[in-house]
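These notes concern the structure reproduced below.
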Amino acid sequence: EMPLLPVLAGMEQSGVAIDAAAFRAFLDDVQGRLDQLTAHVYELAGTQFNIRSAQQLGDVLFNGLGLPAPRKTKGGQASTSQQTLEKLAGQHPVVDSILQYRKLEKMRSTYLEPLPRHAGPDGRIHTTFQNMVTATGRLSSTDPNLQNIPVRTELGSEIRKMFVPREGWIFVDADYS
């Protein structure tokens with residue numbers, strides 16, 4: 001692993017440029033969609049509540065709308081986990097809207113807002129690469145983790161486009177295998 005250290009140090013120092021304006025524009029778009037979905041969820045549920053609150057969401061879904069509660073949490077409340085909501089998908093339009101809301105909210109809170117804050121004065125994100133942390137021997141990226149940006153979703157693909165290679169350069173995805 002020692003020969004890899006200077007390469008990783010160079011990558012950390014160089015960082016990766018982001019298109020801050022594209023991040024802002026996409027964040028504005030996602031926030032607009034979240035605002036619309038919030039209003040739509042309230043309309044479908046017949047009441048306003050904190051969509052992020054598991055307790056309030058459970059109360060609306062299972063008490064207010066009478067949907068079946070497939071599982072309970074350890075505390076005895078009806079579960080509003082992703083898995084539970086996916087099982088309820090199609091049983092009421094509010095469930096599908098909440099699933100879409102959660103997808104957009106995760107993008108907003110995990111990537112669109114925090115990643116640009118990690119950019120230094122040079123407009124680049126300088127992550128830390130760890131080469132001795134994972135059990136498999138793969139590299140990991142921390143502060144921020146740039147490896148967990150979804151690759152198979154439309155939203156994830158849009159975010160990945162906002163990372164900008166140097167003029168005349170391309171990004172390469174490589175694996176030891």
Side-chain angles (χ1 to χ4, degrees), residues 16-120 123-125 127-128 133-134 138 140-164 171 173:
V16 61
I18 61 166
D19 184 339
F23 264 95
R24 276 191 300 278
F26 195 38
L27 174 60
D28 289 345
D29 176 56
V30 167
Q31 188 59 58
R33 290 195 261 171
L34 282 167
D35 293 344
Q36 288 176 336
L37 270 171
T38 299
H40 188 63
V41 165
Y42 292 165
E43 182 182 325
L44 291 170
T47 187
Q48 290 188 11
F49 62 101
N50 182 351
I51 298 172
R52 294 184 196 111
S53 165
Q55 184 176 3
Q56 290 182 33
L57 178 59
D59 186 50
V60 167
L61 294 178
F62 307 119
N63 296 329
L65 298 175
L67 292 170
R71 297 184 333 179
K72 297 230 183 246
T73 65
K74 291 178 184 175
Q77 287 183 265
S79 172
T80 58
S81 70
Q82 184 73 14
Q83 184 180 16
T84 299
L85 292 181
E86 287 171 358
K87 286 181 183 176
L88 292 172
Q91 293 188 31
H92 193 284
V94 76
V95 175
D96 299 322
S97 293
I98 290 167
L99 286 168
Q100 181 63 25
Y101 177 92
R102 282 185 172 181
K103 189 182 305 179
L104 289 172
E105 176 59 19
K106 174 144 178 89
M107 287 293 159
R108 184 199 63 76
S109 65
T110 305
Y111 308 110
L112 294 173
E113 280 189 353
L115 284 178
R117 288 194 298 253
H118 283 278
R124 303 175 77 79
I125 295 176
T127 189
T128 300
V133 175
T134 65
R138 291 178 182 256
S140 68
S141 165
T142 58
D143 196 29
N145 182 350
L146 297 179
Q147 293 175 294
N148 66 347
I149 299 168
V151 77
R152 292 183 182 95
T153 67
E154 181 183 330
L155 294 171
S157 293
E158 286 301 312
I159 291 172
R160 286 172 176 265
K161 289 178 190 173
M162 294 176 212
F163 289 87
V164 184
F171 286 125
D173 183 2

Cut-off 3.5 Å, no hydrogens considered: what does the side-chain donor-acceptor table look like for residues 36-47, sequence neighbours left out?
{"unit_1": "Thr38", "atom_1": "OG1", "unit_2": "Leu34", "atom_2": "O", "d": "2.8"}
{"unit_1": "Tyr42", "atom_1": "OH", "unit_2": "Phe49", "atom_2": "O", "d": "3.0"}

Distance (rounded to the nearest 0.5 Å) between [X] [atom1] and [Y] [atom2]:
| X | Y | atom1 | atom2 | result |
| --- | --- | --- | --- | --- |
| Ile98 | Ile51 | CD1 | CD1 | 6.5 Å |
| Tyr111 | Leu146 | OH | CG | 10.5 Å |
| Phe26 | Asp19 | CZ | CG | 12.5 Å |
| Ile159 | Ile149 | CD1 | CD1 | 6.5 Å |
| Ser157 | Met162 | OG | CE | 10.5 Å |
| His92 | Leu61 | NE2 | CG | 9.0 Å |

Go through the steps for Glu113 and Val30 under the test side chain to side chain contact (heavy atoms under 4.5 Å, CB included), then give the verdict. CA-CA 11 Å; Glu113 280 189 353; Val30 167; over 6 Å; no
If you look at every heavy atom in Gly90 and Asp96, which pair is closest and at what distance? N-OD1, 3.3 Å
Hits for side chain to side chain donor-acceptor pair (under 3.5 Å) against Gln83, two or more places apart or cross-chain, chain-then-number order -> Arg71
Using side chain to side chain donor-acceptor pair (under 3.5 Å) as the criterion, list what pairs up with Glu86, not counting sequence neighbours. Gln82
Any side-chain heavy atom of [X] within less than 4.5 Å of one from [Y]?
| X | Y | value |
| --- | --- | --- |
| Met107 | Thr153 | yes |
| Pro114 | Arg117 | yes |
| Arg102 | Leu85 | yes |

What residue pairs, at least two apart or across chains, pass salt bridge (Lys or Arg N to Asp or Glu O under 4.0 Å) with a residue in residues 28-42? Asp29-Arg33
May I have all residue pairs that pass salt bridge (Lys or Arg N to Asp or Glu O under 4.0 Å) and include part of residues 146-161, sequence neighbours excluded? Glu158-Lys161
Which of Val95, Val94, Leu88 passes side-chain contact (heavy atoms from CB on, under 4.5 Å) with Gln91? Answer is Leu88
Quick one: which residue pairs count as a side chain to side chain donor-acceptor pair (under 3.5 Å) with a foot in residues 53-68, not counting sequence neighbours? Asp59-Asn63
Donor-acceptor contact below 3.5 Å, side chain [X] vs main chain [Y]:
| X | Y | result |
| --- | --- | --- |
| Ser141 | Pro144 | yes |
| Ser79 | Thr73 | no |
| Tyr101 | Arg52 | no |

Carboxylate-amine/guanidinium proximity below 4.0 Å for Arg108 and Glu105: yes
